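Have a look at the structure below, then the notes.
Residue numbers start from 1 in every chain, and the chains themselves are labelled A, B, ... in the order their sequence lines are given, proteins ahead of strands. Just so it is clear, the structure is predicted and the values come from calculations on it, not from any experiment.
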Amino acid sequence: MAELRAPRGMHDLLPDDEALFEHVVGTATRVARSFDYHLIRTPIVEDAGVFLRTAGDESDIVSKEMYLFEDRGGDRLALRPEGTAGVARAYLEHGMASRPQPVRLFYWGPFFRYDRPQAGRYRQLHQFGVECIGDASPEADVEVIELQREIYRALGLTDLVLRVNSIGTAATRRAYEDALRKHFEPHLATLSADSRRRFQTNVLRILDSKEDAGHEAVRTAPSILEHLSVEDMAHWDRVGALLDDLDMAYEVDPRIVRGLDYYTHTVWEFEPRSAGGQSTVGAGGRYDGLIEAIGGPATPGVGWASGIERLMLNISGEPGGESGVATAALDAITVPLGSDGVRACLRAAAVLRAAGYAVRNGTPGRSMRAALRSADASGARFAVIAGDREAAAGTVQLKTLTGSGEQVEVPLDELAARLAEDAQG
RNA sequence: GUGGGUGUCGCCUAGCGGCAAGGCGCCAGGUUGUGGCCCUGGAGACCGGGGGUUCGAAUCCCCUCACCCACCCCA
């Protein structure tokens with residue numbers, strides 16, 4: 001066992017799995033672009049304030065999961081635990097409010113949460129996400145949900161259930177929180193310690209406590225939907241109508257309240273129907289208060305993020321899901337014999353690569369038998385063989401590896417054309 | 001933070017007090033410069049680490065570490 005290992009909860013993505021990763025990111029990128037969303041790359045490290053001011057003190061992300069450190073200059077920095085706050089910071093910093101609104105952005109990359117690792121849960125995880133900033137309409141909510149659903153569909157994930165809720169605005173939430181506190185107060189003694197703490201700090205989150213999920217008081221708690229203002233209700237109803245128009249099946253789930261404080265109005269998540277533990281594949285919401293929280297003008301926004309590892313997990317589970325992922329094919333491998341042959345092979349490989357082919361340099365110093373064995377194992381369609389004889393003649397032997405192994409001697413300057421011809425037939 | 005499970009060549013697995021085996025993969029050979037199948041050989045493991053019991057420990061006991069799974073929480 002190697003002495004030095006990858007940090008806990010962080011993993012090497014080896015070439016085999018990387019192909020699936022790229023498939024997920026590539027597919028999501030393609031679909032996002034088809035909705036006119038544009039890639040934004042923000043730093044993996046941000047001023048800690050970006051997250052401290054937005055996520056809420058009681059959120060798990062801030063209270064126990066964030067990687068915090070001071071750099072050599074004394075700045076307080078954080079490894080980003082989520083994507084929205086950084087994108088919002090960039091929106092503000094670069095004056096994107098003066099671009100045509102809304103600004104449609106997508107991103108993907110690593111995020112960090114100091115959490116106990118588990119199936120589908122990592123300390124370095126990767127997310128793909130989109131943000132639509134500068135549009136307060138329910139249409140924007142549904143646009144990003146539709147985009148999300150289309151990505152999942154393109155990845156072959158059709159058995160996901162969409163759960164939606166509205167948590168209103170900050171004002172309606174305060175009223176609802178009062179009602180909740182009134183409701184839970186008589187039951188405090190029978191609730192879990194965690195819920196009692198949340199009663200003080202963030203009473204909403206008692207609702208998504210798994211520990212107390214079966215508790216009578218939790219099940220009979222008033223629904224936030226009954227406390228929405230007229231405006232909230234109009235937004236919420238419109239979202240439902242638009243989802244219906246797009247034939248998007250969804251379930252209303254009043255228990256979704258989101259782990260982060262900046263959410264308002266519509267919140268949702270996508271989960272596999274066969275719900276396991278760490279199963280949420282993607283979740284999103286509207287965050288109209290976020291940009292104000294980091295010092296900008298009141299700016300509406302809505303977006304979601306999806307865990308790439310969780311998508312990969314679900315794609316692997318889908319019948320035939322992985323088979324659609326092609327690994328890069330090798331066109332040719334060289335078989336160098338003798339020291340002049342090595343030089344001839346290097347020239348031949350350069351010629352073929354210039355013509356757009358993928359070519360592996362064969363290891364020099366091997367017997368022809370060994371070289372052809374590894375050529376066969378490489379999956380290359382052709383072997384390009386050159387020894388001292390070919391080097392002197394300015395030619396190479398072009399051998400087919402896929403079939404019976406026909407071989408022709410070809411002048412170096414005709415090699416690329418000849419390979420194209422043979423690849424046809 | 002709390003539980004449970006698992007640690008034997010790069011990967012998979014056998015061995016469960018008496019010389020650490022096999023498969024895959026890797027390297028080489030099977031008479032001159034020709035692959036796949038087959039055959040032969042080789043390299044590669046202080047049996048996660050430390051301590052103890054024993055004539056003798058991969059094997060039994062204790063401690064520790066790592067990974068996995070679950071709770072919690074989330075993507």
Does [X] have a side-chain nitrogen or oxygen under 4.0 Å from the phosphate oxygens OP1 or OP2 of [N]?
X: A:Q118; N: B:A70; result: yes
X: A:R373; N: B:G36; result: yes
X: A:S367; N: B:G29; result: yes
X: A:R366; N: B:C27; result: yes

Between [N] atom [atom2] and [X] atom [atom1], what is the distance in whole Å?
X: A:R8; N: B:C67; atom1: CZ; atom2: C1'; answer: 8 Å
X: A:Y122; N: B:C74; atom1: OH; atom2: P; answer: 19 Å
X: A:I256; N: B:A75; atom1: CD1; atom2: P; answer: 11 Å
X: A:E65; N: B:G1; atom1: CD; atom2: P; answer: 13 Å

Tell whether [X] reaches the base of [N] with its side chain through a donor-acceptor pair below 3.5 angstrom.
X: A:R5; N: B:C65; value: no
X: A:R369; N: B:G33; value: no
X: A:Q407; N: B:U34; value: yes
X: A:R113; N: B:A75; value: yes

- Query: Is a salt bridge present between A:R89 and A:E93, judged by a nitrogen-to-oxygen distance below 4.0 Å?
  - Reply: yes
[X] and [Y]: side chain donor to acceptor below 3.5 Å:
X: A:E143; Y: A:Y37; result: yes
X: A:T299; Y: A:Y91; result: no
X: A:W304; Y: A:E269; result: no
X: A:T395; Y: A:E409; result: yes
X: A:H126; Y: A:E309; result: yes

- Query: Just wondering, are more than 12 heavy atoms of other shown residues or ligands nearer than 6.0 Å to CZ in A:F21?
  - Reply: yes
- Note on the structure: By nearest-heavy-atom nucleotide on RNA chain B, the more 5' of A:K399 and A:A370 is A:A370
- Message: Nearest heavy atom decides the nucleotide; on that basis, is A:G403 or A:A377 closer to the 5' end of RNA chain B?
- Response: A:A377
- Query: B:G44 and B:C39: how far apart are their P atoms, nearest whole angstrom?
  - Reply: 24 Å
- Item | Paired stretches of RNA chain B - 3 or more consecutive Watson-Crick or G-U pairs, each distance under 3.5 Å | B:1-7 with B:65-71, B:10-13 with B:21-24, B:26-30 with B:38-42, B:48-52 with B:60-64
